[in-house]
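Here is the structure we will look at, set down as structure tokens.
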Amino acid sequence: EPEVTQTPSHQVTQMGQEVILRCVPISNHLYFYWYRQILGQKVEFLVSFYNNEISEKSEIFDDQFSVERPDGSNFTLKIRSTKLEDSAMYFCASRNGPGNEQFFGPGTRLTVL
Amino acid sequence: DAKTTQPPSMDCAEGRAANLPCNHSTISGNEYVYWYRQIHSQGPQYIIHGLKNNETNEMASLIITEDRKSSTLILPHATLRDTAVYYCIVRAGRGSQGNLIFGKGTKLSVKP
């Protein structure tokens, strides 16, 4: 069964450093998402991406964040200058059309020291 | 998207049916009810969704009241592996961007 994959599973970085989290969505999917979950808190929407552009973003997704689909398979989230409060699980999700369910990856645990 | 209300926690005996309620009294006509679950810190997993008719798949059944103001997710024979946080989410279907707004969900504990 096709699935969303994410790498790395755990990323440790120093405050102020740039990180890139990688996702490979399910191959025929067209809509892509990033969510995050701070330890013990709710899953929060960050950004949605369709047709090579951001379609919606939350207040969390400020200028420090960017997304890219550099080729036909990868979908990346970049955090330009990490802060301590960026420590969280980051989940990528995809779906293949409007109204259809989203499939989530296993997540990347980001730890900012 | 309409707001949902779920009990914070529930227990269920292994092998018995788990019935998880959700209130969504402000749901509008084009909004679907979606259920996801999150086992420990894994990625959320889609379970089922519906508009107004009851739905069943290999994982669960979804019962939506006639006025659509509430619904119940039924796991017919709960196992220990069904222990998870279950999220009821209401959102528009076709035409929406599809981003999901998660609440705190119901923490279901399946006990032997």
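Below, chain A is the first sequence line, B the second, and so on; all start at residue 1.
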Report summary line: So CD of Gln38(B) and CZ of Phe91(A): to nearest 0.5 Å the spacing works out to 5.0 Å

Query raised in the report: Got a donor-acceptor contact below 3.5 angstrom from the Tyr34(B) side chain to the Gln102(A) backbone?
Result: no

Query raised in the report: So with a 6.0 Å cut-off around CD of Glu85(A), is the heavy-atom count from everything else above 12?
Result: yes

**Report entry** Exceeds 12 heavy-atom contacts within 6.0 angstrom, atom CZ of Arg22(A)
**Finding:** no

Query - Side chain / backbone / both / neither for Gln37(A) at chain B, heavy atoms under 4.5 Å - result: side chain

Query - Over 12 non-hydrogen atoms of neighbours within 6.0 angstrom of CG in Asp63(A) - result: no

Query raised in the report: When you look at CG of Leu113(A), are more than 12 heavy atoms from neighbouring residues, nucleotides or ligands closer to it than 6.0 Å?
Result: yes

Query raised in the report: side chain to side chain contact (heavy atoms under 4.5 Å, CB included) with Glu101(A): which of Tyr32(B), Trp35(B), Tyr36(B)?
Result: Tyr36(B)

Query - Residue pair Lys42(A) / Phe102(B): nearest heavy atoms and the distance that separates them - result: CD-O, 3.6 Å

Query raised in the report: Does NE2 in His77(B) sit with more than 12 non-hydrogen atoms of other residues, nucleotides or ligands closer than 6.0 Å?
Result: no

Query raised in the report: So with a 6.0 Å cut-off around CZ of Arg80(A), is the heavy-atom count from everything else above 12?
Result: yes

Query - From OG (Ser58(A)) to CG (Asn99(B)), nearest 0.5 Å - result: 8.5 Å

Query - Option that, when pairs with chain A are counted at under 4.5 Å, heavy atom only, ranks first among Pro44(B), Gly105(B), Gly103(B) - result: Pro44(B)

Requested in this report: Please look at Tyr35(A) and chain B and tell me whether the side chain, the backbone, both or neither of the residue comes under 4.5 angstrom of a heavy atom of that chain.
Outcome: side chain

**Report entry** Over 12 non-hydrogen atoms of neighbours within 6.0 angstrom of NZ in Lys83(A)
**Finding:** yes

Query raised in the report: Hey, does Leu100(B) have a side-chain heavy atom less than 4.5 Å from the side chain of Phe104(A)?
Result: yes

Requested in this report: Would you indicate whether the side-chain heavy atoms of Gln45(B) and Phe103(A) approach each other to under 4.5 Å?
Outcome: no

